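What follows is one structure encoded as structure tokens, with my remarks underneath.
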Amino acid sequence: GKPGMAVYFKASPDASLVLLETLQEPLSRQVLWNRFAQDVCLFSLETGQLHSTVAKLALADSIPIGRDACRTGPRRHCWRPDEAATLTWVEALDGGDPKAVVPH
């Protein structure tokens, strides 16, 4: 793939894919780096080609203030250790606002 600012990468348990999280421009001086826009992609370890784009996360500059607030969209991507190449993640049902009431 093209050069980028990788912040996380991990091979799948069967070593067929690699999960890659990269920062995307424009970068900001108003938020921490972990709130920058990010691309989450899977690449083939055999060919190096893009397998799929899991998520394109926008700049998280409007996270609600409060304990346990988080960005919207998928986060904490990881491989299931008991499966060959199964990706898991979490996503806030409340839009990242812990004060919001949502049905469970």
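Note that the structure is a prediction, hence the values are computed from the model and not measured.
Panel note: side chain R76, backbone E91; no donor-acceptor pair is recorded below 3.5 Å. In this structure, R35 contributes its side chain and S28 its backbone to no donor-acceptor pair below 3.5 Å. At distances below 3.5 Å, at least one donor-acceptor pair connects side-chain atoms of S12 with backbone N or O atoms of L17. Here the side chain of W79 pairs no donor or acceptor atom with the backbone of T86 at under 3.5 angstrom.
When every heavy atom of A69 is checked against every heavy atom of I63, the shortest pair comes out as CB-CG2, 3.8 Å. The two residues L87 and L42 come nearest to each other via the heavy atoms CD2-CD2, 4.2 Å. Between R71 and F36, the closest heavy-atom pair is NH2-O, 3.3 Å. T72 approaches L57 most closely through the heavy-atom pair O-CD2, 4.3 Å.
Remark: L27 CG to M5 CE distance equals 4.5 Å, nearest 0.5 Å. Here the straight-line distance linking atom OH of Y8 with atom OG1 of T22 works out to 14.0 Å at 0.5 Å rounding. Atom CG of D61 and atom CD of Q30 lie 7.5 Å apart (nearest 0.5 Å). Here the OG-CD distance, from S16 to E46, works out to 9.5 Å after rounding to the nearest 0.5 Å. To the nearest 0.5 Å, the span separating CZ on F43 from CD on Q49 amounts to 8.5 Å. Atom-to-atom distance recorded for C41:SG and H51:NE2 is 12.0 Å, nearest 0.5 angstrom.
The shortest side-chain heavy-atom distance between L59 and V31 falls under the 4.5 Å cut-off. Residues H77 and V54 form a side-chain contact, since some pair of their non-hydrogen atoms from C-beta on lies under 4.5 Å apart. Residues W33 and L23 are in side-chain contact: their nearest non-hydrogen atoms beyond the backbone lie under 4.5 Å apart.
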Handout entry: Worked verdict on C70 versus R75 for side chain to side chain contact (heavy atoms under 4.5 Å, CB included)
Key = CA-CA 9 Å; C70 63; R75 58 192 167 87; 3.3 Å; yes

Problem - From CA spacing to verdict: side chain to side chain contact (heavy atoms under 4.5 Å, CB included), V40, L19 - result: CA-CA 7 Å; V40 181; L19 169 65; 3.6 Å; yes

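Look at D97 and K99 and you find no salt bridge, because none of the NZ, NE, NH1 or NH2 atoms lies under 4.0 Å from a carboxylate O.
There is a path of hydrophobic side-chain contacts, each under 4.5 Å, that joins L20 to L45.
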